[in-house]
Undergrad: 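Just dropping this structure here.
Ligands are counted one by one from 1 in listed order, and the atoms in each one are counted from 1 as well. Only a predicted model underlies this, so the values are computations on that prediction, with no experimental measurement involved.
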Amino acid sequence: MPGLYLHIPFCRQACTYCDFHFSTSKDRTVVLDTMELELIRRSKEVGDGRVSTIYFGGGTPSLLEPGRIAAFIQQAHDLFRVERDAEVTLEANPDDITAERLAAWKAGGITRISLGTQSFRDDRLKWMARAHDAQHALASIGLIAKAGFASWTIDLIYGLPEMTLAEWDEQLTIALDHGMPHLSAYCLTVEAKTALAHQVKKGSVHMPEDDAQSAQFDRLMERMDAAGLDHYEISNFGKTGHYSRHNTSYWEGVPYVGIGPSAHSFDGTTRRWNVANNAGYAKALQEGSTYWESETLSPAQRTNERLMTGLRTAKGVELARLEVDALRINSSAFQRHVSNGSMHVAEGRLVLSRAGRHFADRIASDLFVTDDDR
Ligand code: SF4
């Protein structure tokens, strides 16, 4: 069980595009206390209890007092065998960053900060309904860079309505000028039931053409390559030694335990997801009733998950580890994507080319297998 994920389901306000589970309630104590209870219960269920990464995601974990984060980390140490060099990441928003809080997080055991920057432009941040402005974004990066964490990363969003290549270039230049060792860059997508989905539906927002988003992705790859950041996953770029160990475990299909409302867990064969409702989660856990749903994956489902996540990584998918032979079964889709230059096999691994990275999810689903294929 190398990964431990804690979902902090609270945010200051709802961002336009977001479909994660969170509440804007300031009444947080009951849920946080219940998460401590869940940590105790889950520690008794898992195998050897070794933990090599801890990740505070959300929601907005940086909304919590640093002492509460430190208490969760201490509890993890008390209940699991947390490795001495464990990576401990905190997702933080720029409006929560001060030198004092950074020092407190570091003293409490955080080793890596993941900053939800998203943009360096006030008009874009306002449109996204983010709680911070461009000044916050820049100032917080300056403070994080000086705070002495083992690593840190920022998030940026591209593919915004009417975003030009020049605007995206400018965003990347600002980021690179601040010397970040890692970048997560996400193309804006319209998720169901978000404010953005409503705006698109009523016609007040028009999403850009695929060509514009694709050109921005190309520029992203060029700029990161020139700056010496490896493109190790479709949306992630890092200098050597700064790749996200926690997220890499997800992409490699390693088991993890998720704590908190909506958190997912995986033990190698079964996926489990907690109820995405703060009150329902707390009530069920305190009453000792079931607060999750689960699904045991068939060999074909496990193979398809490996294809979907592994193909997104620079290392690709190790074909010998697939439980269903994707190469043999889907020979026509396989051959098509090899012959058009989207992917190739190198040292037993199926790897996407730079061109193929534009269509990673589509290529993976073309290769999907069924249990009848075994
Ligand atoms: S801060 Fe993050 S989790 Fe919260 S609403 Fe915004 S994007 Fe979603």
Undergrad: Could you go step by step and tell me if H21 and N274 meet the side chain to side chain contact (heavy atoms under 4.5 Å, CB included) rule?
TA: CA-CA 11 Å; H21 169 68; N274 289 351; over 6 Å; no

Undergrad: Can S25 and D27 be counted as having a side-chain donor-acceptor contact under 3.5 angstrom?
TA: no

Undergrad: Please say whether the positively charged group of R112, taken as NZ for Lys or CZ for Arg, lies over the ring of F149, i.e. under 6.0 angstrom from the six-membered ring centre and within 45 degrees of the axis.
TA: no

Undergrad: Against ligand 1, does E91 come closer than 4.0 Å with any heavy atom?
TA: no

Undergrad: Which ligand 1 atoms are under 4.0 Å away from a heavy-atom of T60?
TA: 1 (S), 4 (Fe)

Undergrad: Please check if any side-chain donor atom of S184 sits under 3.5 Å from a side-chain acceptor atom of S235, or the reverse.
TA: no

Undergrad: Just which atoms of ligand 1 are under 4.0 Å from any heavy atom in N93?
TA: 1 (S)

Undergrad: With heavy atoms only and a cut-off of under 4.0 Å, state how C11 meets ligand 1: side chain, backbone, both or neither.
TA: side chain

Undergrad: Under 3.5 Å, is there a donor-acceptor pair between the R223 and T173 side chains?
TA: yes

Undergrad: Would you say C18 has an N, O or S atom lying under 2.8 Å from atom 8 (Fe) of ligand 1?
TA: yes

Undergrad: Any side-chain donor paired with an acceptor under 3.5 Å for Y55 and E91?
TA: yes

Undergrad: Please determine whether any non-hydrogen atom of G59 lies less than 4.0 Å from an atom of ligand 1.
TA: yes

Undergrad: Could you check whether T189 and E191, counting side-chain N and O atoms only, form a donor-acceptor pair closer than 3.5 Å?
TA: yes

Undergrad: Where the closest heavy atom to atom 2 (Fe) of ligand 1 is concerned, which of R12, H7, R130 has it?
TA: R130

Undergrad: Could you tell me which atoms of ligand 1, counted from 1 in the order shown, lie closer than 4.0 angstrom to a heavy atom of Q13?
TA: 5 (S)

Undergrad: Name the closest protein heavy atom to atom 6 (Fe) of ligand 1, giving the residue it belongs to and the distance to 0.1 Å.
TA: C15 SG, 2.3 Å

